[in-house]
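Structure first, commentary second.
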Amino acid sequence: MAAPLPLPALHATHAGIWIASPSGEVREAGRGEAIARAAETPHIVLNAPLVGQRLGYGELSGLDLLELFAFIHPACFAVPTPAGLSRTLGIDPPASDAEAAGVLQQLGARLLDRLADHDWTQREGAWTANASLARLGWSWAPLVGRRLQAPEGGERMLFSRLKAWEEAPERPAAKLIRVDPAEAEARLRTLVGSASEAREGQRAMASAVSDVFAPRRSQHSPNMLLAEAGTGIGKTLAYLAPASLWAERSGGTVWVSTFTKALQRQLDAEGPRLIPDPAERTRRIVIRKGRENYLCLLNLEDALQGGFAGRAAILAQLVGRWAAYSRDGDMVGGDLPGWLASLFRRAGSAALTDRRGECVFAGCPHYRRCFIERAERAGREADIVIANHALVMINAARAREAAPQRIVFDEGHHLFDAADSTFAICFGGQEAIEMRRWIVGPEGKSRGRRRGLAARLMDVASYDDEGATALDAALEAARALPSDGWLARVAEGAPFGPFEALLAEVRGTVYARARAQDAGYGIETELAEPDGPLVANAAAAMEALEALQKPLAALSRRLEAVLADAPDWLDTQARARVEGAINGLGWRRETLLAWIGLLARVGGQADPDFVDWLAVERVDGREYDVAVNRRWLDPTRPLAAAVLEPAQGLLVTSATLRGGDGWDAAEQRTGACHLDAPVDRFEAESPFDYASDSEVLIVTDIRQGDLPALAGAYARLIEAAGGGTLGLFTAIQRLKAVHARIADRLARAGLPLLAQHVDPIDPGTLVDIFRDDARASLLGTDALRDGVDVPGESLRLVVMERVPWPRPTVLHAARRMAGGGSAYDDRVVRARLAQGFGRLIRRADDRGVFVILSAAMPSRLLRAFPPGVEVGRVPLDEAIARVQSRLSRPVDRPAAMVIP
């Protein structure tokens, strides 16, 4: 083993602070001393923002091992803890927090030694990147530079090292074939392998899913199957077996859509079973996400050439290192470590993607190497496309691509929520200013490569006079939209222009009518009985939107005319750029028309199909947006029209598709009830023995609102379980308060406590850390209830702080009234309870306890849990004893995963 790096190291947790001297001597230190030493001399740390938060010193900087790891091992995974990084690098993990500071010195030495290793596969580009990082003042650059051998010749530029995609002819339409259920079962046996055997429920599901791929019987009536397959059935392979058969024989593509990134990764991991050859697998199984998830190479080039400054510029260099080795350029859930952006306090990471829809398509010098274009083209030729619900719905709603004809919606219980977001309309200051920026471009002191319509269409405007006139009119009209500083002007009662005047009236109406204004979070009121000034300002804003929409429509027509009668200078790249502008204009015009319809409602009749309300959005009491909102009362209606009806075959599956209710409820939540023809149904119970391996405890002596008692209950339950606890909260404020009261206590007992909305770490990385340490616990809100897939000892206790009733919003009130009153609430809560309980038992040898800290848990909700599970109403002391009794088995540490 290499000698530890002779530099000071600092490690801080809720249990204490430890400093290792350059000679390796480790001692405990106070907060004041640690801050003073870190300010004087750069220390080796791991996750500087997190350590700074532990110290109460937000400006902490130093030699962050995670930054060095991202430089040396780009596109590689590591759990960002001393133990996780140790296992990745083949070092014995520290046995305690006190040992961690010394281990940080060993980790630094191990990483730097890698630079001299002839087998280091990520060497290309490192010399050039480190030279740039040295100029930017990166703290590791001198140490890297002394160990990194200069290349004999010049290194290739980053962009020339990226693989270029190749154009392919349009794929023929898929053949109309049927999948024989017996052949699907045979394929399933092959996928399961000889080491195990397909379960009866799994075989039955593969057989039932086969019918989804038959030619449909009539227009607007797809072959649709609703399948509730209990956890442990193996539903992924059950539907991949017939899906892969159909794709191979028909020459078509099956889209498999998920709601969470965790399931996308799981599906991707099944790829070797389907297609063992890596090169063939890359061609036939493709992951697709929205454009905003991928690195934009033009934005990266701008950042590398001076568009970013300070820490953001260092992040851009590390992202450049990653881009050269990334599988697909996916910055959100791909092979870019989720913790990397958080090391830089999110400085610049969003600006490296195309979140504003400003892509110039073929006009971009990196078009042929674009990650987004590569993924889109690969998806056209693939057998299986792994996507998410939002992408499938957005593409269908905006007709971006040919609508998928065969779709598997896994995690189908989320279809309602995904459709609710996709088909929503929001006219607010943030949305409006983004529209202005897309049309007008940079104004004042704005930096970056953002370009307005005039810059993107300069050559077309100079060629076509009518197009130039329409473009000028659109630019003039767009300047009436809110501009920088709009929120302060609205709050101060000094709005500028018709849109800011409307938002000022909206804000005033909300504050006048809304309840519960002291919580510090968003407030709202229904759009009903509007006052005269609100109606008048809405009418003026609607006229201004019309004045913008009309020249954009004229510009679209002129661009289409240019394509129809192409001039000599309109080469292939220019044509693609004009086509991209037409698509972008179409999207914006649809948005404008939706806004016009929404504002017309302010002074008109309510539409029974929609729910409209006014809102002031806040975080911790700070306002960040003012908006008029519209949602479908039943969002599965547009889902059925845009996605379900055009398809040939659809499978919607989940372990909790019915959520403790009947099939009618499942059809309503998935949109199946809006189809002309009846849909098929399939059910397979979980093979797990829930009655023996789990129990539900309802604690009866924690009074609602008693925060000290709630925090004490969490601490005692986590101690009884020895960690491995997922704590679920319905309010962020209570989560933060409980965490603040118990984190130090648990840490001193060797039980780390992680918390969403507290730790400066993204939720995916929090789950990775939780999964890696069986003594850790994690507190979170709704996102973690559905996004946590942690089989084994790392998750053995789920604690809900209260019954997860829906928040009493305007939207919920409308749906509650339409859905049967309290019966609607019960359906929502049962679904949430079923999902929360589903986190516990993920494989046959799991066991666990589900605890609800609320005596007010109604008995009618208990059917959310699997049949046979014992439910007990007990005081806290008895609950703790039963948790200890059931979870007394010793905890194993995870095996090492070493980078070769």
Side-chain angles (χ1 to χ4, degrees), residues 208-209 211-228 239 253-259 290 385 387-425 590 593-594 597 607-612 630-654 656-659 661-682 811 814-815 818-820 824 827-828 831:
V209 173
D211 291 338
V212 167
F213 298 99
R216 68 181 181 184
R217 294 175 289 277
S218 60
Q219 190 177 19
H220 307 311
S221 297
N223 301 319
M224 187 169 183
L225 174 66
L226 302 182
E228 185 171 86
Y239 62 67
T253 301
V254 178
W255 282 61
V256 180
S257 178
T258 76
F259 188 75
V385 172
N388 56 64
H389 297 347
L391 178 64
V392 172
M393 294 179 193
I394 290 171
N395 281 352
R398 296 177 180 164
R400 283 185 175 178
E401 305 173 24
Q405 294 296 293
R406 273 84 182 177
I407 311 174
V408 174
F409 284 112
D410 205 339
E411 298 180 311
H413 59 282
H414 282 299
L415 274 183
F416 186 96
D417 295 328
D420 194 27
S421 298
T422 300
F423 299 106
I425 300 171
E590 288 178 9
L593 290 172
D607 189 327
D609 289 334
F610 296 100
V611 182
D612 304 322
R630 164 168 283 187
R631 295 287 180 99
W632 282 82
L633 184 63
D634 178 5
T636 65
R637 289 181 58 188
L639 167 67
V643 181
L644 306 186
E645 290 181 0
Q648 290 279 336
L650 295 148
L651 167 66
V652 181
T653 185
S654 168
T656 57
L657 192 61
R658 292 179 292 175
D661 294 295
W663 283 107
D664 288 345
E667 292 195 5
Q668 292 170 7
R669 299 285 294 180
T670 60
C673 61
H674 300 300
L675 299 177
D676 294 336
V679 300
D680 294 325
R681 300 165 176 176
F682 173 84
L811 179 60
R815 288 178 176 162
Y824 177 83
R827 288 195 296 272
V828 173

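With sequence neighbours excluded, the residues that form a side-chain contact (heavy atoms from CB on, under 4.5 Å) with Asp680 are Leu225. Applying the side-chain contact (heavy atoms from CB on, under 4.5 Å) test to Pro646 and every residue at least two apart in sequence or in another chain returns nothing. For the ring-ring contact (aromatic ring centres under 6.0 Å, His included) test, no residue two or more places apart in sequence or in another chain qualifies with Phe423. Residues passing the salt bridge (charged side-chain N to carboxylate O under 4.0 Å, His left out) test with Glu411: none are found, sequence neighbours excluded. Residues satisfying the side chain to side chain donor-acceptor pair (under 3.5 Å) criterion with Asp612, sequence neighbours excluded, are Arg601, Arg630. With sequence neighbours left out, Tyr239 forms a ring-ring contact (aromatic ring centres under 6.0 Å, His included) with no residue at all.
Between Leu644 and Pro222 the shortest heavy-atom distance is O-CG, 3.3 Å. Across Ala227 and Leu651, no two heavy atoms sit closer than the pair CB-CD1, 3.9 Å. Contact detail for Val679 and Ala672: the closest heavy-atom pair is CG1-CB, 3.9 Å. Between Thr422 and Ile394, the closest heavy-atom pair is CG2-CG1, 3.9 Å. The minimum heavy-atom distance between Glu228 and Gly659, with the atom names listed, is OE2-N, 4.1 Å. Contact detail for Arg406 and Ala214: the closest heavy-atom pair is NH2-O, 4.4 Å.
Taking the six-membered ring where tryptophan is involved, the planes of Phe259 and His414 are essentially parallel, since the angle between them stays under 30° and well short of 60°.
Counting only distance, with no hydrogens or angles, the side chain of His389 and the backbone of Asp410 share a donor-acceptor pair below 3.5 Å. Here the side chain of Gln648 pairs no donor or acceptor atom with the backbone of Pro215 at under 3.5 angstrom. At distances below 3.5 Å, not a single donor-acceptor pair connects side-chain atoms of Arg637 with backbone N or O atoms of Trp632.
A heavy-atom distance below 4.5 Å is found between the side chains of Pro635 and Arg815. Arg681 has its side chain out of reach of Arg658: every pair of non-hydrogen atoms, C-beta onward, lies at least 4.5 Å apart. Taking the side chain as every heavy atom from C-beta outward, Leu633 and Asp609 never approach each other to under 4.5 Å. Side-chain contact between Asn223 and Asp211 is absent, with no heavy-atom pair separated by less than 4.5 Å. Arg669 is listed as a side-chain neighbour of Asp417, based on a closest heavy-atom distance under 4.5 Å. Contact check for Met393 versus Leu639: side-chain heavy atoms found under the 4.5 Å cut-off. In this structure, Val254 and Val408 have side chains that are in contact, with non-hydrogen atoms separated by less than 4.5 Å. Side-chain contact between Gln668 and Thr636 is absent, with no heavy-atom pair separated by less than 4.5 Å.
Taking CG of Asp661 as the reference point, atom OG1 of Thr656 lies at 11.0 Å (rounded to 0.5 Å). Rounded to the nearest 0.5 Å, atoms OG1 (Thr253) and CD1 (Ile407) are 12.0 Å apart. Taking CG from Asp420 and CZ from Arg631, the interatomic distance works out to 4.5 Å, rounded to the nearest 0.5 Å. Taking CG from Leu650 and CG from Leu415, the interatomic distance works out to 9.5 Å, rounded to the nearest 0.5 Å. Separation of atoms CG (Asp634) and CZ (Phe610) is listed at 11.0 Å; rounding is to 0.5 Å. Atom CG of Leu675 and atom NE2 of His220 lie 11.0 Å apart (nearest 0.5 Å).
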